[in-house]
Amino acid sequence: MRASSALLLTVTLVLLGGCRWMNDDKGIFVNKTDDYIDVQENEPLVIPEGLDTDRVQDPFPVPSITSRLRPEYYPSSPPRPNAIYGSDTRDEVRIQRLGQRLWLVVPEPPTTVWPKVRQFLAENGVALEWEAPNRGRMDTAWLEITDEAYRDVVRQTVRDGKAEADLEGGRDRLRLRIEPGLRERATEVHVRHENDGFAPPGPEELVDLRGTPSHLGNVEQELLNELGAYIAARVAEQTVSMVALDIGSGVKSYLDIDGGGDPVLRLRLDRERAWATVGQSLNRADIDVADADEATGVYRITVPEDLDMEAEERGFFRRLFSFGGRDTRDLQLRLTPADNGDFLLTALADDGSAIDREFGQQVLVLIREYAS
């Protein structure tokens, strides 16, 4: 009797150990429920020397996907996707203004905007003197503009702008920069008008045209209007420029983590635009702002506790009932400079202490989705 009991106990222990072995990562039946935590991206392919790298391109590039931060906080189940927010102007081609700075926002990736800008210039008979697709830059040839009437909108716009500014003589050209926007699959187009009768541009202006004013601001604004109307009329066309793939590789805003493991929204903007971008995003998202102190870089806001439901209830009922009857939380958004020149936006409690990381990330996602 004792021998049979001992045998039964031994068989039971073996079976229990076998079940664990068969359901382990190294057993017969591999458990893959938490494998996504340790997944690693493979190294990019290296093209051997001697091959024409300009002609070796991926014919089916995989679009970038916003990474989900800190998956290690969800070992038992994958985290839910970020809430999807939207606004009435999300799919519109429009001009943005910050002080004297203007730029065009297009709800398309740079790889489709680049060929449309080139086609706009070509249809108006404006040749390109220099272009660098990997940097999103193109310069037109110098144009001789006289008092005659022109059939193309580029020369006619420059002619009218010079007449309005009482500027005579000199040659004119356009310098354009095409770069990713603040949101996924969005593009910014910056245009600068130059007349060689003015002082020649410095070396920094050859690289970055975003903060450099045009010699004639009225020409810049009118050309952005014309270019925006041209792209909006052909928004269904999705020609992709392979040479402009490098433009879309960079982003102006993305979720990151700081040294302490807390989420931050990294903004690759100058301070003036970073501050204005956060304020504009809060306004578009209908977030109540109690105070905005630009000197310290702090916004004090009130948000609902259930931001995921907030994303679903936008629109008429959201505007009608606001936050009535719902739990809210007072927060502060703090904008601080990073060592590399970027700016970091952090969501904190009203007293400046840390908040739940998941909730903080939801707030930053909302800010990013309403930015432009």
Side-chain angles (χ1 to χ4, degrees), residues 92-97 100-133 135-179 181 187-201 205-239 241 243-244 247:
E92 295 179 357
V93 178
R94 63 189 184 280
I95 292 180
Q96 290 286 105
R97 179 189 295 272
Q100 299 299 317
R101 300 157 61 178
L102 298 172
W103 63 92
L104 190 69
V105 179
V106 183
E108 297 180 33
T111 50
T112 65
V113 175
W114 176 271
K116 292 181 180 182
V117 174
R118 294 186 84 257
Q119 187 64 26
F120 170 79
L121 297 173
E123 290 186 10
N124 284 278
V126 178
L128 289 177
E129 184 176 78
W130 175 78
E131 59 180 325
R135 293 161 55 188
R137 284 279 290 104
M138 62 176 73
D139 291 348
T140 71
W142 289 100
L143 305 175
E144 298 282 355
I145 305 297
T146 62
D147 292 336
E148 65 179 279
Y150 294 94
R151 300 182 62 180
D152 68 279
V153 296
V154 173
R155 290 177 176 82
Q156 187 63 35
T157 298
V158 175
R159 173 189 176 276
D160 293 344
K162 294 177 70 173
E164 182 179 342
D166 293 328
L167 176 62
E168 298 181 359
R171 298 177 304 165
D172 301 87
R173 71 171 176 179
L174 304 178
R175 313 184 75 186
L176 301 97
R177 182 182 180 92
I178 300 168
E179 57 190 15
T187 303
E188 294 180 5
V189 181
H190 302 258
V191 175
R192 170 179 162 86
H193 164 265
E194 289 184 354
N195 181 281
D196 62 1
F198 290 81
E205 296 174 0
L206 297 174
V207 178
D208 189 356
L209 306 181
R210 289 167 292 187
T212 307
S214 292
H215 289 159
L216 294 179
N218 54 346
V219 171
E220 174 187 347
Q221 180 170 351
E222 187 59 33
L223 285 174
L224 285 173
N225 284 329
E226 295 290 347
L227 179 58
Y230 178 87
I231 295 177
R234 292 163 171 77
V235 73
E237 297 180 1
Q238 292 297 327
T239 302
S241 172
V243 298
I247 305 177

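Position 1 is the first residue of the sequence, and the numbers go up from there. No experiment lies behind these values; they were computed from the predicted model shown.
Looking at T157, its side chain never comes within 3.5 Å of a backbone N or O of L223 through a donor-acceptor pair. Using a distance-only test at 3.5 Å, with no hydrogens or angles considered, a donor-acceptor pair links the side chain of R159 to the main chain of E148.
D139 places none of its side-chain heavy atoms less than 4.5 Å from the side chain of E194. In this structure, the side chains of I231 and F120 stay at 4.5 Å or more apart for every pair of heavy atoms. When side chains are defined from C-beta on, E226 does not count as touching Y230, because their heavy atoms never get closer than 4.5 Å. In this structure, Q96 and E188 have side chains that are not in contact, with every pair of non-hydrogen atoms separated by 4.5 Å or more. Using a 4.5 Å cut-off on side-chain heavy atoms (C-beta onward), L104 and L227 make contact. Taking the side chain as every heavy atom from C-beta outward, W114 and E131 approach each other to under 4.5 Å.
To the nearest 0.5 Å, atom CG of residue L174 and atom CG of residue L143 are 7.0 Å apart. Here the straight-line distance linking atom NE2 of H190 with atom CG of L224 works out to 9.5 Å at 0.5 Å rounding. Separating the CG atom in L121 from the CE atom in M138 is a distance of 6.5 Å, to the nearest 0.5 Å. Remark: R171 CZ to I145 CD1 distance equals 11.5 Å, nearest 0.5 Å. Put simply, NZ on K116 and CD1 on I178 are 11.5 Å apart, with the number rounded to the nearest 0.5 Å.
The shortest heavy-atom contact between L176 and R137 is O-NH1, 2.9 Å. Closest non-hydrogen pair, S214 versus E220, comes out as OG-OE1, 2.7 Å. For I95 against Q221, the heavy-atom pair with the smallest separation is CD1-O, 4.2 Å. In terms of heavy atoms, G197 sits closest to N195 at N-OD1, 2.7 Å. Closest non-hydrogen pair, W142 versus D196, comes out as CZ3-N, 3.7 Å. Between H193 and L216, the closest heavy-atom pair is ND1-N, 3.5 Å.
D172 pairs in a side chain to side chain donor-acceptor pair (under 3.5 Å) with only one of the listed residues (H215, R155, K162), which is K162.
Not counting sequence neighbours, Y150 has no partner by the ring pair (Phe, Tyr, Trp, His ring centres under 6.0 Å) test.
In the displayed structure, E168 atom CD is contacted under 6.0 Å by at most 12 heavy atoms of other residues, nucleotides or ligands.
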